[in-house]
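One-based numbering, in listed order, for ligands and for the atoms of each. The figures here come from the full heavy-atom set of this structure, side chains too, leaving out hydrogens, waters and symmetry mates. None of the values given here were measured: they were computed from a predicted structure.
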Amino acid sequence: MYDIPQRPRRNRQSAAVRDLIRETHLTPGHLIMPLFVLDGQGRREEISAMPGVFRLSEDEVLKEVGACVQVGVRSFVLFPAVDEELKTPDGSYGAHPSNFYLRIARSIKAAFPEVMLMSDVALDPYSSDGHDGLVVNGEIVNDATLPLLAAQAVAQAKAGFDFIGPSDMMDGRVGVIREALDEANFTQTGIIAYSAKYASAFYGPFRDALESAPKSGDKKTYQMDPANRHEALREAELDADEGADFLMVKPALCYLDVIRELSVHMDRPIAAYNVSGEYSMLKAAAAKGWIDYDRAMPEMLTSIHRAGASVILTYFAREFAERYQAENLPR
Ligand code: PBG
């Protein structure tokens, strides 16, 4: 016997003791499920780089939302996969009141009024240039983009979205969107700002899903440099001042320190986006038998929650909730 005064292993000696002292409790109520939507009926197209994730038409989306609600996921964010012919330099289809994205939002809210529906605001899914802002002479221009984003946001609020999600990273967009919403009397519609959104390689599968990759150049003049932490705090402070209700960090797993930083310094709920590439990496390793998916998936989500994100946007939401409900999450 050695004289070891502190023996932390005592607190890990049984499942009962581990249950007593567990610090982080992630539940399906913390999760937002992203859904890719497209026009038409009866369409369900699997995304090749995201096994288990589909582009869904209205009827199929309603089934998916119903299945998620059954297991306790009540929040959703929608992304549109738009036909190439509808894309224009100014992405005006995004604010067109009869576009399929807004129609699907209306029918989700009609069928499931209790769900929280979040939108995505940016030009890229609707833009023939594939950039989040307006491209003029090869430059992504800031101020001329803002009214286009505000028009999208107001159209989305009219369609019944509860929270608007500006993901474009233009300067000043949260303030302009807040003002436009208030002006149109949508004072109850909130803003979940993509505040610290990095120029990340982990969005690759998402851009394939929407065919929304930039036609030229990259997003480094508006999305953040992965090397920066202080800048994230600056972005978060600006968005909070401009009226954001939640502040988001994106991606999640390589940016847990940024999530921590914001959760310590900001007095707004912090959301984190567990992005497409993070999903695909785990699914690919699991398919090869290289990793234990059943343990790694909840471990990933718990670590994001532990870092300080109360809200997690994740493609794992439904699967996590199904396991949570069946009480077979490995501990
Ligand atoms: C578009 C947008 C992107 C994502 C969410 N909104 C892609 C991008 O910025 O290129 C990525 C989500 C994911 O990878 O899961 N503004």
Exercise for the section: Answer with yes or no after comparing the ring centroid distance for Tyr93 and Tyr101 against a 6.0 Å cut-off, counting only values under it. Expected result: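 That pair fails the under 6.0 Å test.
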
When you measure from [atom] to every protein heavy atom, which one gives the shortest distance, and what is it?
atom: atom 10 (O) of ligand 1; answer: Arg207 NE, 2.6 Å
atom: atom 11 (C) of ligand 1; answer: Lys250 NZ, 2.9 Å
atom: atom 9 (O) of ligand 1; answer: Lys197 NZ, 2.7 Å
atom: atom 16 (N) of ligand 1; answer: Ser167 OG, 2.8 Å
atom: atom 14 (O) of ligand 1; answer: Ser276 OG, 2.7 Å

I'd like to know if [X] pairs up with [Y] as an ion pair, taking the criterion as any Lys NZ or Arg NE/NH1/NH2 lying under 4.0 Å from an Asp or Glu carboxylate oxygen.
X: Arg43; Y: Glu45; answer: yes
X: Arg318; Y: Glu322; answer: yes
X: Lys87; Y: Glu84; answer: yes

Proximal atoms of ligand 1 relative to [X] (non-hydrogen, under 4.0 Å):
X: Phe79; result: 5 (C), 6 (N)
X: Asp132; result: 16 (N)
X: Ala122; result: 16 (N)
X: Gln223; result: 8 (C), 9 (O)

Exercise for the section: Evaluate the side-chain proximity of Glu64 to Phe54: yes if any heavy-atom separation is below 4.5 Å, no if none is. Expected result: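 Phe54 does not reach Glu64 side chain to side chain.
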
Problem - Pairwise side-chain contact, Leu181 with Ile164, heavy-atom cut-off 4.5 Å (strictly under) - result: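 Sidechains of Ile164 and Leu181: in contact.
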
Exercise for the section: Measure from atom 3 (C) of ligand 1 to every heavy atom in Phe206, Phe202, Tyr279, Tyr203 and give the option owning the shortest one. Expected result: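 Of the listed residues, Phe206 has the closest heavy atom.
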
Practice task
Please say whether the positively charged group of Lys197, taken as NZ for Lys or CZ for Arg, lies over the ring of Tyr203, i.e. under 6.0 angstrom from the six-membered ring centre and within 45 degrees of the axis.
Solution key: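 Yes - Lys197 lies over the ring of Tyr203, closer than 6.0 Å to its centre and within 45° of its axis.
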
Problem - Arg55 NZ/CZ over Phe36 ring centroid, <6.0 Å and within 45° of normal - result: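 No, Arg55 does not sit over the ring of Phe36.
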
Practice task
Heavy-atom distances under 4.0 Å are what count here, so tell me which part of Asp168 touches ligand 1: side chain, backbone, both or neither.
Solution key: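 It is neither; nothing of Asp168 touches ligand 1.
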
Contact between ligand 1 and [X] is defined here as a heavy atom of the residue under 4.0 Å from a ligand atom; is it met?
X: Lys219; value: yes
X: Asp124; value: yes
X: Tyr273; value: yes

Handout entry: Check: Glu58/Ser107 side-chain N/O donor and acceptor closer than 3.5 Å
Key =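 Yes.
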
